[in-house]
Amino acid sequence: MFKLNLKIALRNLWKNKGFSLINIGGLAIGIASCMILLLYIVYELGFDKANKNYDTTFVAYTNMEANGKVNSWAWTPGLLAPAIKEKFANVVNSSRSSYPYPSLISYGEKKIKNRAIFADPSFVKILGFNFLSGSEAQALQNINAVILTQSLAQKLFGNENPINKTVKFDNTEPLTVEAIIADLPENSSLKFDYIMPWKLYEKKQTWIKEQGWGSNFCLTLVQLKDANSIDQFNATIKNFYTQNDKNADNELFLHPLAKWHLYNEFENGRPVGGKIDQLRIFLILAICILLIACVNFMNLSTARSEKRAKEVGVRKAIGSSRKALISQFILESTLLAFIGTVIAFILLEISLPYFNNLLEINLIIHYNDYKYWLTLVGLIIFTGLIAGSYPAFYLSSFEPIKVLKGFSLKAGSAFSIRKVLVVFQFVFAGCLIVCTVVIYQQLNFIKAKPIGYNKGNLIQMAAQGSLQDRKKIELLKQQLLKSGAAQQVSTLSMDLDQGGNNTSNVSWPGSNPKESILFNERGIGYDFINTIEGQMLQGREFAPEFKADSNKVIFNEAAIKAMGLKNPIGTVINYGDTKCTIVGVMKDFVVESPYQKVAPTIFYPAAKNSIGVILVRLNEAKNISSSLAQIDAIVKDINPNYPVDRRFVSESFEEKFQDERLLGILSNWFGGFAIFISSLGLLGLALFMAEQRKKEISIRKVLGASTGNILTLLNKDFIKLVAISNIIAFPIAYIIINNWLSAYEYRISISFLPFLIAIGLSVLIAALTVSMQSIKVAKANPVDALKYE
Amino acid sequence: MIEIKNIEKYYANKGVKSYILRHVTTSIKQGEFVSIMGPSGAGKSTLLNILGLLEEPTYGEYHFMGEDVTAMKERQRIELYRNHIGFVFQAYHLIDEMTVAENIEAPLLYKKIPGSERKSRIADVLDRFNMVAKKDLFPNQLSGGQQQLVGIARALVAQPSIILADEPTGNLQSAQAEQIMDLFKKLNQEEGITIVQVTHSEKNAQYGNRILTIEDGVIKEDKATRLE
Ligand SMILES: Nc1ncnc2c1ncn2[C@@H]1O[C@H](COP(=O)(O)OP(=O)(O)OP(=O)(O)O)[C@@H](O)[C@H]1O
Ligand SMILES: [Mg+2]
């Protein structure tokens with residue numbers, strides 16, 4: 001029986017090629033979409049979990065109160081790691097490390113700029129890297145040692161054995177390669193290419209040894225014996241800073257390493273989600289797409305199975321038991337689901353590289369993981385059961401005579417189930433259209449919002465090597481301007497588009513000592529305003545003709561507003577230990593998040609501190625690529641030991657939109673797929689209905705109905721369904737998208753447009769798909785259909 | 001062989017019961033060839049379906065080979081049906097997706113008859129109906145008469161003790177109808193298979209040995225055929 005049924009199932013598939021194609025195709029796209037999303041979710045959930053002790057390791061966070069709110073950072077004092085281990089028995093291990101920073105490492109003539117970190121020996125033990133050569137026990141003990149990742153070792157040494165060879169860090173420090181570790185997985189929060197001893201860091205950065213409990217400059221990892229009682233432990237260590245130094249009023253808490261990536265937003269010093277929320281959206285999307293595809297599959301299979309009601313009747317009339325019929329239908333739909341899944345895999349393999357490229361991540365299918373196969377088999381059986389259940393259990397339950405007597409004609413109830421399913425699909429599609437449009441609008445809104453400076457044609461270069469020397473920078477500036485490649489050149493203490501140094505150690509006439517304001521602090525060079533094409537609102541910027549600028553400062557608008565100064569120019573303030581005079585007010589410009597208000601910022605003259613980057617405004621009158629070549633040549637000439645490290649500000653600024661861009665891309669693509677699958681379902685349904693109403697239509701035509709009349713008749717029902725779906729979808733979409741928008745300080749207000757687009761698009765799609773099918777029937781010669789009745 | 005007592009069948013529509021069969025009582029003996037006649041809508045098909053276990057009476061007793069059918073579980077009823085009853089429809093009701101041979105094979109599969117025996121039985125039947133050349137064709141590639149022959153072959157292949165046929169020749173030309181009636185007669189006389197057929201044609205009814213006339217759900221007349 002099984003063999004015959006299988007044969008018949010295949011024959012059926014082949015006979016109704018169009019139908020099978022729609023059915024299997026929809027399912028395949030659905031499964032493939034769901035899989036891609038699930039792969040992405042698994043990838044994100046796997047962040048930092050490759051580390052050996054990830055479940056007992058915590059990241060130390062510092063809560064710092066300023067501007068009336070608590071800021072939480074994974075920056076801690078250097079004193080924390082040794083002290084916390086000594087004080088608490090629960091702490092198995094603790095380590096300090098710097099954050100990865102691209103730095104020069106060289107072997108012979110090979111000079112590579114790669115991400116470097118400095119870390120305690122315990123860092124390696126806590127995270128448990130995979131040592132390919134060298135020993136973990138001895139790692140980072142020696143001050144002149146370095147651990148390389150496999151790919152960096154490959155780049156530096158090729159096929160040579162790197163162990164015990166000497167490399168040079170930053171062109172100055174000779175270091176012995178003591179171990180090679182496997183490359184870190186793509187989904188690690190801390191990504192670096194080589195590790196150097198913390199002791200070396202202390203030697204190079206002499207200021208570190210002088211830092212107390214109020215200075216947060218390193219990452220501290222803590223491994224606990226008992227990770228379950230973390231809440232209690234956090235309560236114990238809350239005031240650890242103050243206990244060590246009564247002037248240090250920041251608070252400490254530990255955040256699980258496994259949650260570092262996904263739970264990255266904090267309010268009032270407590271984690272409140274973050275990336276995980278976006279991930280949840282994707283999970284819902286994945287489930288819904290699969291459901292839509294299943295619903296579709298079910299709809300189409302059942303639509304066709306009614307055509308086969310007769311077969312059910314006949315089979316019963318020749319002695320088939322119910323069980324045999326049920327297994328036959330389940331077999332058929334499982335077969336379809338199986339074929340669909342196989343095609344889904346082919347689609348997945350084809351599209352993965354594209355998505356990886358688009359999302360800038362690296363998703364792979366773990367073919368050798370049994371869980372994967374289990375999920376897959378589960379998926380096939382689940383889909384097969386759902387889709388096959390209706391014909392299997394419903395049709396087979398009838399007395400054979402009932403089905404034989406033209407059951408399909410009065411299958412009103414089944415049709416209404418199908419209507420509900422179509423409505424469900426289009427509710428989902430409608431929601432997706434609205435959300436996608438709003439996300440798109442919001443992204444455009446933010447991108448179009450003035451950021452306070454001109455990021456186009458602006459490059460920033462790291463000031464390193466010889467370029468840390470001010471005289472050399474001055475020389476560079478002269479040469480760049482003279483060459484005509486650059487229009488303006490200035491400097492800044494750190495990247496123009498990165499957060500970083502801040503202080504609350506500022507007071508002014510009328511300031512409230514109880515209320516601290518957190519100021520970003522930046523050192524700016526001459527011609528800063530002209531270089532970034534920003535704007536001074538009052539006063540002036542720093543300039544060489546003013547000799548005594550070293551105790552002058554400039555504030556931005558936001559700072560003046562927060563301080564409540566009426567006439568800022570000339571006001572004397574206390575900045576750290578020195579008295580400074582305000583000489584100008586700069587228009588706000590976006591530094592960190594373009595979605596949030598600009599933070600209060602204090603600018604001091606570059607001469608007071610080290611220079612981070614050199615900003616170059618390109619000469620627009622000249623060809624960009626030849627200007628860049630010119631600039632590179634000049635930089636190389638002045639700073640020969642370093643590769644030229646320059647980036648367009650507009651490019652690095654673009655990274656700020658990565659999360660939203662990702663959301664936009666995914667919702668666009670998968671929203672599109674969901675809509676596509678839904679319309680496939682509609683198409684199949686229309687196909688079926690037109691078939692079923694062939695006789696009715698023919699009779700109507702004999703009675704004088706035009707093709708137009710018939711089309712209206714057939715379309716009316718479907719359009720009605722789509723309209724109902726939209727009405728249900730709109731409030732749901734509104735709630736979801738409003739919730740999403742509320743996370744942004746700068747946001748659009750929701751207009752009618754997305755809803756109009758949703759209505760227009762879904763009605764258009766429905767009308768198109770239904771007409772495409774029904775026009776054939778409407779135009780057919782009526783006699784053809786009647787002859788066979 | 002068949003014993004029915006006070007069979008009733010009605011459909012309730014909006015609270016109004018419309019009776020199709022009323023107090024139908026009769027018995028059919030092994031080896032009989034019975035024709036059921038009557039005007040359209042009288043309830044002939046309904047009665048035949050009930051006899052064939054394709055439909056259940058609303059009320060009444062039904063004994064098939066001495067066993068009480070109404071008290072049976074679905075499983076037992078299917079067993080009974082598989083082993084003893086062959087049904088032939090006016091609209092043939094072949095499975096469109098199966099070839100002639102597969103259509104004939106299907107009941108044997110449900111009866112779990114082993115493969116070798118299936119093959120020989122199918123070959124036998126095909127041979128007997130002169131359809132060997134057509135065994136790999138699909139129903140829509142056959143004429144109406146040929147389709148009905150397949151329908152009968154399918155009913156016969158399971159070697160039933162009774163054949164129930166609802167207007168088996170209703171859609172056929174008289175020459176084809178005659179061929180089928182001759183076949184029924186031969187089956188009845190040579191193999192002793194009990195046959196119950198519904199027909200509108202006086203001529204076809206004469207092939208049998210007994211005529212039951214139904215009007216408005218009631219048996220009006222029960223007589224032997226004249227030509228015996
Ligand atoms: N599902 C049903 N619901 C209500 N009434 C029904 C149903 N099925 C059949 N009937 C009614 O039962 C009556 C008998 O039907 P049946 O098919 O047995 O008649 P028949 O004698 O075989 O007629 P014909 O010679 O035209 O085939 C008819 O009046 C019909 O309207
Ligand atoms: Mg009838």
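In what follows, every chain begins at residue 1, and chains take the letters A, B, ... in the order their sequences are listed.
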Less than 4.5 Å apart, any side-chain heavy atom of Thr99(B) and any of Lys7(A)? no
Test item: Arg154(B) and Val314(A) side chains (from C-beta on) under 4.5 Å apart, heavy atoms: yes
With sequence neighbours excluded, residues passing salt bridge (Lys or Arg N to Asp or Glu O under 4.0 Å) with Glu191(B): Arg128(B)
For Gln141(B), does the CD atom sit with more than 12 other heavy atoms under 6.0 Å from it, leaving out its own atoms? yes
Other residues, nucleotides, ligands: >12 heavy atoms within 6.0 Å of Lys17(A) NZ: yes
Atom pair NZ/CZ of Lys323(A) and Arg75(B) - distance to nearest 0.5 Å: 6.0 Å
Enclosure of Asp68(B) CG (heavy-atom neighbours >12, cutoff 6.0 Å): yes
Least distance between heavy atoms, Arg11(A) atom then Met98(B) atom: NH1-CA, 3.7 Å
For the atom pair CG (Leu54(B)) and NZ (Lys316(A)), what is the distance rounded to the nearest 0.5 Å? 10.0 Å
Gly319(A) to Tyr110(B) - nearest heavy-atom pair and separation: O-CB, 3.6 Å
Option that, when pairs with chain A are counted at under 4.5 Å, heavy atom only, ranks first among Lys111(B), Arg82(B), Arg77(B), Glu56(B): Arg82(B)
Closest contact, heavy atoms only, Ile318(A) versus Ala106(B): CD1-CB, 3.6 Å
Heavy-atom distance under 4.5 Å to chain A: side chain of Tyr92(B), backbone, both or neither? neither
Counting only heavy atoms not in Phe345(A), do more than 12 sit closer than 6.0 Å to its CZ atom? yes
Residues two or more places apart in sequence or in another chain: which of them pass side chain to side chain donor-acceptor pair (under 3.5 Å) with Ser35(B)? Gln197(B)
Within 6.0 angstrom of Phe676(A) CZ, more than 12 heavy atoms from elsewhere: no
Contacting region of Leu53(B) [heavy-atom separation from chain A under 4.5 Å]: neither
